[in-house]
Every structure is written in C-alpha cells, then in structure tokens.
Amino acid sequence: MKASRRNFMKWTAGLPLLGLVAAAYGNENRLRDDIEETKWIMKDHRSEFNMNGYAAPAIPNLRVGYIGLGSRGLASLKRLSQMEGVEIRAIADCYEYPIELARQHFQSINYRKPAEYFESEETWKNLVERDDLDLIYVTTPQYWHAEMACAAMKAGKHVATEVPLAYTLEDCWQIVKTSEQTKKHCALLENCLYDFFEAMTINMALQNLFGEIVYGEGAYLHYFPVTEVFAEPMPPLSKKAGMFRHAVGCTVKGNRYPTHGFGPVCAAMKINAGDSPDFLTSVETDDFVRGKTFADFLQKGSPYHQQFANKEFTGNMNVSLVRTKKGKIIQVQYDTTSMRPYSRTHILSGLKGFVQKYPLPARIYFDENAPVSEERMNELKSQYTPELVRFLAENAIKFGGHGGMDFICDYRLVDLIRNGLPLDITVYEGATWSAVTPLSLWSVTHGSQPIPFPDFTGGNWVTNSPVDLSLRGGGSTIIRS
C-alpha cells in the first residue's frame with residue numbers, strides 16, 4: 001500500500017478535502033489504486049450515525065445557494081424560484097455568462113437578486129462560507145462533487161448533488177463520513193426515482209404485488225455521436241464545458257453513469273433497507289467506434305484534442321452484475337456509443353409478477369403469456385401511483401424537466417427539508433448507486449473478477465427503512481402560479 005494511503009483512517013477522521021480534478025478522474029491507474037486500497041481499509045466499517053430515517057430540524061424558510069449553473073443547475077434554479085418558503089440567496093460559477101442567464105431569469109419574475117460569485121474556479125468557497133445558507137446545490141462537473149459537498153456539510157449546510165455522487169470509492173466514503181459526522185444531509189438528485197412509471201412500480205414492489213423480486217435490470221443506453229462528444233467547445237462555452245465530461249469519461253473503462261438505471265431497481269429491491277450488495281463483476285466490449293473516429297480529430301492538430309491522444313478508449317458496452325447478500329442479482333448496462341434507441345431498461349422480475357419499461361410502452365405482467373391490458377394498466381396507475389406523484393403530477397407536467405421527474409425530485413427534497421422529514425435518497429443510496437463506476441473499472445481491468453461491494457450503511461441495511469413515496473406529513477411547500 002502506498003504511504004499516502006496508509007494514513008487513510010486519520011484522513012477519514014479529519015476529512016481533509018481531496019480536490020479531485022479531471023486529470024486524476026481520467027487516470028485509470030490512479031482510480032485502480034484508490035479501489036484496491038480503500039476497499040480493504042473500510043472493510044467491516046460501522047457507521048457513526050445512521051442518516052437513514054434521520055429527521056433534521058425543520059427549516060420552514062429555506063435559504064439556498066447554487067454552485068454550477070450549467071443546463072442542470074440553471075433549470076433547477078428556475079424550478080426552486082417558483083417555490084414559496086424557498087429563497088435563492090447566492091449563485092456561483094467559474095464564468096459570468098451562466099450567471100447572466102440566471103440574472104435574466106430573476107429579472108423576468110421580479111425575484112430578489114442573489115449574491116454572485118464568478119471570479120475564478122475557487123470562488124465557490126466564498127459561497128460555502130456564507131452564514132445565510134441552509135442548502136447548497138452542487139451541479140458542477142462530477143469530479144468536483146465530493147470536495148464541494150464535503151466543504152458545504154462541514155460549513156453547516158445540507159447538500160444536494162447532481163449524479164453521480166462521486167467517481168472514486170475514497171470520495172464516496174469521504175462524503176458518507178462527513179454526512180454522519182455533521183448530521184447534514186447529502187442528497188443525490190436522482191430524478192429517475194420519481195419517473196411516473198418507475199415510482200409506481202417501486203410502490204407496487206414494496207407492497208409485494210410482484211412477490212419476492214429476485215432479479216432486476218437497469219441501464220443508461222443513450223447514443224451520443226462521437227463527433228459530438230469530441231467536438232471542441234467554442235465560446236461562450238469553456239474548454240471544460242458541454243460534452244467534455246463525456247470525452248474524459250471515454251478514456252476510463254467501466255460504467256461511467258450507473259445511477260439512472262441502478263437507483264430505481266435498488267429502491268424496488270430494498271437495497272440498503274433489507275438487502276445489501278455483496279459483490280460486483282463487470283465485462284466490457286472492445287472499442288469499435290471512438291478510436292477510429294477520433295483519429296480524424298487528431299489530424300486537425302487542435303491543442304484541445306491533443307489531451308486525448310494516445311488514450312485507450314472505453315468499449316461500446318459495459319455490463320455489470322451485482323449479487324446481493326440475499327442471493328439476488330441486478331444487471332446494470334452502460335452504452336453511449338452504439339446507435340440504438342434510448343433506454344433505461346427498468347426490469348423487475350418477481351415470483352408473482354414482471355415489469356419491463358423499454359422498449360416502450362411500459363408493461364406489467366401477472367401472467368407469463370401477456371401483459372396486463374390498457375384498461376388494467378390504467379387501474380393500476382390509479383391505485384398504485386404513489387401519493388407524492390399524484391400530489392405533484394399537474395405541476396410536474398407543467399414545469400417539466402425530463403417529463404416532470406426533475407420537478408418532483410427538486411420539490412421533494414425542498415419540502416422534506418422544510419418540514420424536517422427524512423430524505424428519500426440518503427447519502428447511503430448516493431454512495432451505493434455511484435460506487436458501480438469505480439468497482440466496474442476495477443473488475444473490467446482485472447479480467448472481470450468479482451470485487452466486494454462496500455457497505456456504506458455500516459451494517460444498518462438490516463434494519464433501515466425502504467423508500468416511502470407518501471407525503472408523510474409534507475407537501476406544504478406552495479408552488480407559485
């Protein structure tokens with residue numbers, strides 16, 4: 001073990017920030033070292049405080065700050081600015097042009113202008129240090145999530161991060177430990193949990209309509225043309241903007257974006273709340289597309305593209321299998337290269353029923369020969385759509401965001417914190433769902449050997465409560481017309 005890792009237990013106690021940057025996140029050797037050393041050090045870890053079911057003190061007048069105003073951050077900011085009892089006090093970005101877009105929005109709705117930070121890449125720290133914020137949204141590139149989230153929690157703020165929570169096991173553990181020590185929430189903004197169909201089938205699964213679910217599938221199959229992925233960002237976008245996260249991700253093997261597919265299946269199968277991942281194994285195809293196409297970019301001689309020269313690109317398809325401690329299996333797929341229809345898959349296979357979404361239309365089976373009729377499907381929707389989704393459906397469709405699930409995700413988080421209620425997606429879900437990325441990298445680069453899956457709950461998965469999509473006494477946050 002490297003000397004720099006021998007002090008890991010001291011590090012988890014003091015929790016200094018790593019400041020992981022793109023160069024490290026795109027380095028397979030660095031990431032493999034992290035996995036090898038972290039998995040054994042944290043083996044048999046026990047939590048300091050259980051964040052599952054934790055009801056932090058209510059904050060009726062919620063003061064919010066944003067770090068990162070790309071497309072996701074700006075869209076979320078617009079949704080929160082329509083909620084009463086919520087005030088956006090401060091915004092930060094590396095550049096002024098996204099700040100200007102936020103200014104225009106605030107002016108258009110006569111909203112009080114928040115404080116602005118955009119002088120440098122470090123200016124977000126000034127936002128975190130403010131004493132008038134309760135919740136900070138981290139909607140920056142993924143390799144900044146851990147540092148920013150931990151800094152915010154240590155400064156006494158709750159945090160919401162875009163997906164994934166982190167890209168390394170070390171960072172996942174850092175966030176879990178910080179949340180437990182500070183008793184501040186770190187919520188993952190996994191919108192797919194609130195998709196109308198996924199939410200309904202999660203509710204049905206938890207009511208045992210499908211019997212014991214022994215197998216599930218989730219995926220992120222989203223075709224991005226290579227010419228788009230490696231296109232050089234042009235002004236006003238920075239060289240770190242746009243598709244850069246995909247370009248860097250193309251040089252590291254494994255499932256780079258697991259949470260959209262893995263998260264809803266885990267919720268339905270009570271992962272971290274009655275069952276726990278045991279180990280993961282992963283296999284990946286060769287690259288049949290990126291290397292050939294990228295050679296054309298190199299011929300143009302752009303300095304931007306030289307950073308990807310001599311890189312081994314990831315394969316077209318990654319398939320990872322997670323076996324749980326109770327002997328069940330979840331398959332997770334990732335492919336952004338093959339020309340195919342978009343899919344998150346979402347399969348639940350129980351002893352009394354079967355669910356499949358994608359290809360559309362979504363189907364439910366209680367008979368192995370045929371899905372339920374359209375009439376029966378409508379009856380199921382009427383009976384089993386969760387209380388939360390029914391309550392927000394009209395506004396979700398109105399305000400949108402991936403069919404409305406973005407709105408539900410934002411509203412739910414804000415409403416739970418304002419009312420002092422436990423979160424749906426705790427720091428443990430964020431870490432577990434995100435850990436597929438480093439674990440799949442390790443497995444793929446070790447001949448698809450299995451690797452133990454960390455228990456971020458510290459043993460509490462045995463008694464933790466599953467997700468509850470009822471209002472639970474919430475729903476008091478008013479949406480402005």
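The figures that follow rest on heavy atoms only: side chains count, while hydrogens, waters and symmetry mates do not.
Among the candidates W461, W433, W173, the single residue satisfying the ring-ring contact (aromatic ring centres under 6.0 Å, His included) test with F456 is W173. A side chain to side chain contact (heavy atoms under 4.5 Å, CB included) with T259 is found for exactly one of N191, L165, T437, V163, namely V163.
The line from SG of C250 to CZ of F308 is 8.5 Å long, rounded to the nearest 0.5 Å. Between R63 atom CZ and D134 atom CG the span is 4.0 Å, to the nearest 0.5 Å. Atom OH in Y97 sits 10.5 Å away from atom CG in L69 (nearest 0.5 Å). With values rounded to the nearest 0.5 angstrom, I202 atom CD1 is found 12.0 Å from D468 atom CG. For the atom pair NE2 of H145 and OH of Y167, the computed distance is 8.5 Å after rounding to the nearest 0.5 Å. Atoms CG and CZ, from L392 and F196 in turn, are 8.5 Å apart once rounded to the nearest 0.5 Å.
Heavy atoms only, all atoms of each residue included: D93 and G70 are closest at OD2-N, 4.3 Å. Closest approach of A58 and N419 over heavy atoms only: CB-C, 3.7 Å. Across all their heavy atoms, P258 and V332 have their closest contact at O-CG1, 4.2 Å. Contact record, I175 with M153: O-CE, 3.8 Å, taken as the closest heavy-atom pair.
Take K253 and apply the salt bridge (charged side-chain N to carboxylate O under 4.0 Å, His left out) test, not counting sequence neighbours, and it matches E28, E312. Checked against salt bridge (charged side-chain N to carboxylate O under 4.0 Å, His left out), E232 has the following partners two or more places apart in sequence or in another chain: K239. Annotation: salt bridge (charged side-chain N to carboxylate O under 4.0 Å, His left out) contacts of E129 (sequence neighbours excluded): none. Residues that satisfy the salt bridge (charged side-chain N to carboxylate O under 4.0 Å, His left out) test with R290, not counting sequence neighbours, are absent from this structure.
Under a cut-off of 6.0 angstrom, the local environment of CG in D132 is crowded, with over 12 non-hydrogen atoms contributed by other residues, nucleotides or ligands.
Looking only at side-chain heavy atoms (C-beta outward), L169 and P454 come within less than 4.5 Å of each other.
Judged as a salt bridge (charged side-chain N to carboxylate O under 4.0 Å, His left out), the pairs with a partner in residues 396-414 (not counting sequence neighbours) are, in order, R79-D410, R412-D424. Applying the side chain to side chain donor-acceptor pair (under 3.5 Å) test to pairs two or more places apart or on separate chains, those with a residue in residues 49-62 are N50-N464.
Side-chain contact annotation: E429 with T432, donor-acceptor N/O pair under 3.5 Å absent. Using modelled atom types and a 3.5 Å distance limit, the side chains of N255 and S320 yield no donor-acceptor pair. In summary, the side chains of E170 and Q174 do not present any donor paired with an acceptor at a separation below 3.5 Å, with no hydrogens or angles considered.
Annotation: Y411 is not in aromatic contact with Y194 [ring centroid separation under 6.0 Å not met]. The ring of Y137 has its center closer than 6.0 angstrom to the ring center of Y66.
For E180 and K177, the salt-bridge test fails: no basic side-chain N is under 4.0 Å from an acidic carboxylate O. Taking a cutoff of 4.0 Å between a charged side-chain nitrogen and a carboxylate oxygen, R418 and E84 do not qualify as a salt bridge.
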W124 and E147: CA distance, side-chain angles, deciding distance, side-chain contact (heavy atoms from CB on, under 4.5 Å) verdict: CA-CA 11 Å; W124 63 270; E147 179 178 3; 3.8 Å; yes
Worked verdict on L193 versus E198 for side-chain contact (heavy atoms from CB on, under 4.5 Å): CA-CA 6 Å; L193 187 78; E198 270 96 319; over 6 Å; no
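A donor-acceptor pair under 3.5 Å is absent between the side-chain atoms of S448 and the main chain of T281, judged by distance alone.
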